[in-house]
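For reference, the structure is listed below as structure tokens.
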Amino acid sequence: ATDFGIQKALEQLGVNEINEGTSTGSNNFSNGDIIESFSPVDGKLIAKVKSTTKEDYEKAMQAATSAFKTWRLMPAPQRGEIIRQFGDKLREKKEALGKLVSYEMGKSYQEGLGEVQEMIDICDFAVGLSRQLHGLTMHSERPGHRMYEQYHPLGVVGIISAFNFPVAVWSWNTALAWICGDVCIWKPSEKAPLCGVACQNIAAEVFKNNNLPEGISCLINGDYRVGELMTKDTRVPLVSATGSTRMGKIVAQEVAGRLGKSLLELGGNNAIIVTPDADIKMTVIGAVFGAVGTCGQRCTSTRRLIIHDSIYDKVKDAIVDAYGQLRIGNPLDESNHVGPLIDTDAVGMYQNALTQVVEEGGNIVVEGGVLSGEGYESGCYVKPAIAEAEPHFNIVQHETFAPVLYLLKYSGDVENAIDIQNNVAQGLSSAIMTNNLREAERFLSHAGSDCGIANVNIGTSGAEIGGAFGGEKETGGGRESGSDAWKIYMRRQTNTINYTTELPLAQGIKFDL
Ligand code: NAD
């Protein structure tokens, strides 16, 4: 793993010696079985990271709860200063961390850098937020009384993240949670454990430099069983979990069973509606990047194109043509457009999807297939494929977490396209390509898209940190990142103060003694 500057990046991140789990990094509570991390880029073993045992988890919880007592007392704007320093550290390590993300997860180096940029951006957002954790003041119905509300820190926030955004999702949660006065325990995906160790090292350094307890940021490693330690633990008032709908349904029940709060960011089945008034050139760029970027492994990846029958052939031909130009290969080589899938299990799911769409009556217009030979030794490189399908096909109703794009046709009014779009279980990202104001506004109206994200003349993929991010229905309903998403990381308290010598009761109740 010496090519493309990987070795140097690992050194800069202090994770170059993680072998046999001998050095696990800072504030990483892991002494259990070894998790091996293989790169989908070249199939090589990158690192062996130890997993977290039950005893390790108890230590992490103790470190976190004790750190909370210090951290919550620090004024929020001072916490903001620490997050500012964390953002600066990320700026220093941007190239190294972006490279590790690309090498361990398989997305392009540019997308790896983009992920770190999101981390930096959310830090900036959080610094500003540290002076804006506002509650409201309201008029009391009682004379000589004042009433207002405050937001207080919650405590230990548990973060469970997916493999496809191995660093950004953590920062979306952690930057806000820290500003809110919470401490975090993070369980990254077992498919990208080294990214977790690298991030934790960066955070730990900042807390150490400021003489703050490192338990403000704790790392635990392992599969769902380690995640369950948090979902079942009443000491974790909020579990923020990103991943599949299957996982979300289990986590939601587990956390609700103890009346904890959960923030769920689950699967999508995102569509772009292409109307007769669409700009075809923009549509092609948005759809192709949306479908093949990150090898189709974004929660916001474009899965379905819903095209008006009057322009169907034209759009199809333009997209098929664009697929002909795609270069598939090592994601660290910036001339390639498409990197590998995360592992060979994902390759199997991709192949099943292609078989199933044909079995259900679909028509393949761009052939898929697994690539082999030089440069493809990991067995994780596949050809992005396109299939013509029907909206009701079972395979189209589910999220295919791979570069398979389904072309669907609609006729008549834009309402018909919106119906097709909404008629799936998921509700994350949606888009319409049109220059027709009536269609665009209809799509954004209360009778339009039912998704958490609805875009006009932009694809489904990728979002800015300033907006609240998340989706409805089986996507889980949670919101992270910008807008007022911070409120879920805090508890709300209503305060009423009586500054008179009388004690009038609310609702005018008389209680004379
Ligand atoms: P996954 O569900 O297999 O795993 C996600 C995380 O959950 C992992 O850390 C895993 O160890 C943990 N986990 C699994 N079962 C658990 C359980 N019962 N209790 C506690 N933890 C458990 O998902 P994945 O394959 O890593 O990621 C891909 C999925 O994530 C896709 O469906 C994608 O759409 C979704 N995703 C959604 C968003 C979003 O913001 N909506 C963002 C990224 C990914």
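Basis for what follows: all heavy atoms, side chains included, without hydrogens, waters or symmetry-related copies. Counting starts at 1 for both ligands and their atoms, following the listed order.
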Worksheet item: When rounded to the nearest 0.5 angstrom, what is the spacing between CG in L263 and CD1 in I488?
Response: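 Between atom CG of L263 and atom CD1 of I488 there are 4.0 Å.
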Fill in: Salt bridge flag under 4.0 Å for residues E58 and R235
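So E58 pairs with R235 through a salt bridge.
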Worksheet item: With a cut-off of 6.0 Å (strictly less than), are more than 12 heavy atoms of other residues, nucleotides or ligands near CZ of R225?
Response: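 Count not over threshold, so no.
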Practice prompt. Could you name each residue pair satisfying side-chain hydrogen bond (donor to acceptor under 3.5 Å, both in side chains) that touches residues 164-181, not counting sequence neighbours?
Written response: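 Applying side-chain hydrogen bond (donor to acceptor under 3.5 Å, both in side chains) to every pair that reaches into residues 164-181, excluding sequence neighbours, yields E118-W172, N173-S240, N173-E480, N173-Y489.
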Item to complete: Apply side chain to side chain donor-acceptor pair (under 3.5 Å) to D121 and list each qualifying residue two or more places apart in sequence or on a separate chain.
Response: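 Partners of D121 under the side chain to side chain donor-acceptor pair (under 3.5 Å) test: Q117.
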Worksheet entry | Partner residues of Q253 under the side chain to side chain donor-acceptor pair (under 3.5 Å) criterion, sequence neighbours left out |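 Residues passing side chain to side chain donor-acceptor pair (under 3.5 Å) with Q253: none at all.
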Worksheet item: Which protein residues have a heavy atom closer than 4.0 Å to any atom of ligand 1, listed by chain and number?
Response: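 I160, S161, A162, F163, N164, K187, P188, S189, E190, D223, Y224, G227, E228, T242, G243, S244, M247, I250, V251, E265, L266, G267, G268, C299, E399, F401, L428, F469.
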